[in-house]
Student: 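Attaching a single structure in structure tokens format; questions to follow.
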There are 2 protein chains.
Amino acid sequence: MHNIIVCYICTVKLMQMKDLLHLSEQVCFPVYVLAKEIISHYKPFLDGLDLTYPQYLVMLTLWENDKQTVNELGEKLTLDSGTLTPLLKRMEVKEFVSRIRSSKDERVVHVSLTDKGKLLKEKAACVPGQLMESMNVSIEDLTILKNIITKISKK
Amino acid sequence: MHNIIVCYICTVKLMQMKDLLHLSEQVCFPVYVLAKEIISHYKPFLDGLDLTYPQYLVMLTLWENDKQTVNELGEKLTLDSGTLTPLLKRMEVKEFVSRIRSSKDERVVHVSLTDKGKLLKEKAACVPGQLMESMNVSIEDLTILKNIITKISKK
DNA sequence: AGCAACCAAATTGTGCACAATATAATTGTG
DNA sequence: CACAATTATATTGTGCACAATTTGGTTGCT
């Protein structure tokens with residue numbers, strides 16, 4: 001832990017103005033690569049559940065709070081209807097969710113878990129643990145990553 | 001800086017088993033969102049260059065080292081030919097790159113910058129600075145992020 | 001030389017991701 | 001009550017991203 005901190009401080013202190021232009025390139029690209037890496041680590045476990053990563057995110061959201069509108073899902077996952085509508089239709093074909101248009105306001109579509117979708121939660125329970133093992137990362141590192149992203153993203 | 005470090009240590013110490021189980025979701029989802037956020041911050045600047053973010057990555061790679069094979073680009077950017085071939089064809093139509101099949105080994109395609117592609121480097125020089133301003137993030141935070149991702153990704 | 005491995009790109013197919021637009025329903029205002 | 005503004009979802013079009021397969025070329029082995 002201490003070594004990491006010393007490393008941060010040294011890196012920051014040693015940075016010259018010249019490097020400033022270069023730095024943002026070297027930061028944004030690794031984030032983009034890491035996101036793809038993470039999804040590829042999920043893949044073997046999610047394959048067993050017949051879910052893609054974005055579909056898994058929808059299931060996580062619904063397991064936490066069943067019956068949500070497309071809009072609510074989109075806000076929580078930062079996805080628009082152009083992405084969610086076809087994705088949810090594929091999940092409906094697999095019978096993990098049902099899409100029911102509201103009778104009160106017919107513009108609204110409610111997305112709910114089917115029994116099969118609810119049951120899948122048990123099978124998915126081991127995914128986080130398996131993932132952590134597969135990524136082979138320490139809790140400390142993950143926590144640092146989580147905190148720094150939270151700080152940067154909250155803008 | 002010191003506050004952040006104290007915060008990490010406290011967070012790690014205070015974590016409960018229940019939180020540990022969901023740590024992967026608390027990290028992986030934010031990474032996925034941050035990657036999308038960064039690309040959306042690039043968009044207004046890259047629109048002015050008539051480049052998408054993955055196309056910009058190809059240009060960065062070629063500006064650093066002109067004339068590379070599809071394979072070399074794919075390794076540096078972690079993209080396969082199914083992604084790169086159509087992407088490079090679109091960049092060829094825009095006349096930023098040329099694709100020339102090797103005469104020595106006709107399986108190999110060399111990708112080079114056109115004059116227009118080389119000239120674009122001047123116009124792109126201000127992108128990193130503009131992006132930093134648009135994201136409104138400190139160099140210290142970016143450095144921490146970069147270091148922790150480098151540590152996690154190198155596996 | 002002949003032929004099996006191997007290799008580099010391209011192709012095909014599925015699934016996001018998002019901008020722009022369309023459609024239809026609801027709400028607010030005079 | 002009419003009607004403009006707003007809202008929620010769907011649709012369309014473009015561009016990745018990656019797995020699986022194909023095509024054609026090269027290399028190594030006997």
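Proteins come first, then strands; the chains are lettered A, B, ... in the order of their sequence lines, and each starts at number 1. Excluded from the calculations below are hydrogen atoms, water molecules and symmetry mates; all remaining heavy atoms, backbone and side chain alike, are included.
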Student: Would you say that A/Asn71 contacts A/Val109 through its side chain, given a criterion of any heavy-atom pair below 4.5 Å between the two side chains?
Tutor: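 They are not in side-chain contact.
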
Student: With a 4.5 Å heavy-atom cut-off, do B/Leu77 and A/Phe29 have their side chains touching?
Tutor: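 They are in contact (side-chain heavy atoms under 4.5 Å apart), so the answer is yes.
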
Student: In residues 91-99 of chain B, which ones come under 4.0 Å of DNA chain D, going by heavy atoms?
Tutor: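 Within this stretch, nothing sits under 4.0 Å of the strand.
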
Student: For the side chain of A/Gln130 and the backbone of A/Pro44, is there at least one donor-acceptor N/O pair under 3.5 Å apart?
Tutor: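 Between the backbone of A/Pro44 and the side chain of A/Gln130 there is no qualifying donor-acceptor contact (under 3.5 Å).
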
Student: With heavy-atom distances below 4.5 Å as the criterion, would you say the side chains of A/Lys94 and A/Asp50 are in contact?
Tutor: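 They are in contact (side-chain heavy atoms under 4.5 Å apart), so the answer is yes.
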
Student: Under a 4.5 Å cut-off applied to non-hydrogen side-chain atoms, are B/His110 and B/Arg99 in contact?
Tutor: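 Answer no - side chains too far apart.
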
Student: I want to check something: taking the side chain as every heavy atom from C-beta on, are B/Lys67 and B/Val111 in contact at a cut-off of under 4.5 Å?
Tutor: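 Side-chain contact under 4.5 Å: no.
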
Student: Tell me which pairs pass salt bridge (Lys or Arg N to Asp or Glu O under 4.0 Å) where either residue lies in residues 106-133 of chain B, with sequence neighbours left out.
Tutor: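 Of all non-adjacent pairs touching residues 106-133 of chain B, those that pass salt bridge (Lys or Arg N to Asp or Glu O under 4.0 Å) are B/Asp105-B/Arg107.
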
Student: Work out how much the helix from C/dA1-D/dT30 to C/dG30-D/dC1 bends between its end axes, five pairs an end, to the nearest 10 degrees.
Tutor: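 Axis angle across the helix from C/dA1-D/dT30 to C/dG30-D/dC1, nearest 10°: 10°.
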
Student: For the residue pair B/Tyr56 and B/Trp63, categorise the inter-ring angle as parallel (less than 30°), tilted (30 to 60°) or perpendicular (more than 60°).
Tutor: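 It falls in the perpendicular class, over 60°.
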
Student: Could you work out, with salt bridge (Lys or Arg N to Asp or Glu O under 4.0 Å) as the rule, every residue matching B/Lys76, not counting sequence neighbours?
Tutor: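 Testing B/Lys76 for salt bridge (Lys or Arg N to Asp or Glu O under 4.0 Å), a comparison that skips the adjacent residues, returns none.
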
Student: How would you list, by chain and number, every residue that makes a salt bridge (Lys or Arg N to Asp or Glu O under 4.0 Å) with A/Arg90, sequence neighbours excluded?
Tutor: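 Partners of A/Arg90 by the salt bridge (Lys or Arg N to Asp or Glu O under 4.0 Å) criterion come out as none, since no residue qualifies.
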
Student: Expected output is a numbered-order residue list: members of residues 78-85 of chain A with a heavy atom under 4.0 Å from any atom of DNA chain C. What is it?
Tutor: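 DNA chain C contact set from residues 78-85 of chain A: A/Thr78, A/Leu79, A/Asp80, A/Gly82, A/Thr83.
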
Student: For chain B and DNA chain D, what are the first and last nucleotides along the strand, 5' to 3', with at least one atom under 4.0 angstrom from a heavy atom of the protein chain?
Tutor: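 Counting from the 5' end, contacts occupy D/dG15 to D/dT26.
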
Student: For DNA chain D, which residues in residues 60-67 of chain A have a heavy atom at a distance below 4.0 Å?
Tutor: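 None - not one residue of the stretch has a heavy atom sitting under 4.0 Å from the strand.
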
Student: Could you check which residues of residues 30-52 of chain A get a heavy atom under 4.0 Å from DNA chain C? Sort them by number, please.
Tutor: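 Under 4.0 Å from DNA chain C: A/Thr52.
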
Student: Which residues pass the salt bridge (Lys or Arg N to Asp or Glu O under 4.0 Å) test with A/Asp66, not counting sequence neighbours?
Tutor: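 Once residues adjacent in sequence are excluded, A/Asp66 has no partner under the salt bridge (Lys or Arg N to Asp or Glu O under 4.0 Å) criterion.
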
Student: Between side-chain atoms of residues 78-87 of chain A and protein atoms elsewhere (two or more places apart, or another chain), which donor-acceptor pairs fall under 3.5 Å?
Tutor:
{"from": "A/Thr78", "atom 1": "OG1", "to": "B/Lys36", "atom 2": "NZ", "distance (Å)": "3.2"}
{"from": "A/Asp80", "atom 1": "OD1", "to": "A/Gly82", "atom 2": "N", "distance (Å)": "3.2"}
{"from": "A/Asp80", "atom 1": "OD1", "to": "A/Thr83", "atom 2": "N", "distance (Å)": "3.1"}
{"from": "A/Asp80", "atom 1": "OD1", "to": "A/Thr83", "atom 2": "OG1", "distance (Å)": "3.3"}
{"from": "A/Thr85", "atom 1": "OG1", "to": "A/Ser81", "atom 2": "O", "distance (Å)": "3.0"}

Student: Would you call the rings of A/Tyr32 and B/Tyr53 parallel, tilted or perpendicular, where under 30° means parallel and over 60° means perpendicular?
Tutor: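 Geometry flag for B/Tyr53 against A/Tyr32: perpendicular rings.
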
Student: Polar atoms only, N or O, under 3.5 Å: list the protein pairs with nucleotides 25-28 of chain C and their distances.
Tutor:
{"from": "C/dT26", "atom 1": "OP1", "to": "A/Lys104", "atom 2": "O", "distance (Å)": "2.8"}

Student: Does the side chain of B/Val31 come within less than 4.5 Å of B/Val27's, by heavy atoms?
Tutor: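 B/Val27 reaches B/Val31 side chain to side chain.
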
Student: Taking the side chain from B/Glu37 and the backbone from B/Leu34, do they hold a donor-acceptor pair closer than 3.5 Å?
Tutor: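 Between the backbone of B/Leu34 and the side chain of B/Glu37 there is no qualifying donor-acceptor contact (under 3.5 Å).
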
Student: Please tell me if the side chains of A/Arg101 and A/Val108 come closer than 4.5 Å, counting only heavy atoms from C-beta onward.
Tutor: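 Contact flag for A/Arg101/A/Val108 side chains = no.
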
Student: When rounded to the nearest 0.5 angstrom, what distance separates CG in A/Leu46 from CG in A/Leu131?
Tutor: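 Spacing of CG (A/Leu46) from CG (A/Leu131) equals 8.5 Å.
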
Student: Run B/Met132 and B/Leu142 through side chain to side chain contact (heavy atoms under 4.5 Å, CB included) and show every step you take.
Tutor: CA-CA 10 Å; B/Met132 294 268 285; B/Leu142 283 183; 3.3 Å; yes

Student: If you assign each of B/Val70 and A/Pro54 to its closest nucleotide in DNA chain C, which residue comes earlier from the 5' end?
Tutor: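 Taking each residue's closest nucleotide, the earlier one in sequence belongs to B/Val70.
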
Student: A side-chain contact here means heavy atoms from C-beta on lying under 4.5 Å apart; do B/Leu73 and B/Leu62 qualify?
Tutor: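 With C-beta onward as the side chain, the pair touches.
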
Student: Do any N or O atoms from the side chain of B/Thr114 and from the backbone of B/Glu95 form a donor-acceptor pair under 3.5 angstrom?
Tutor: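 Such a contact is found between B/Thr114 side chain and B/Glu95 backbone.
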
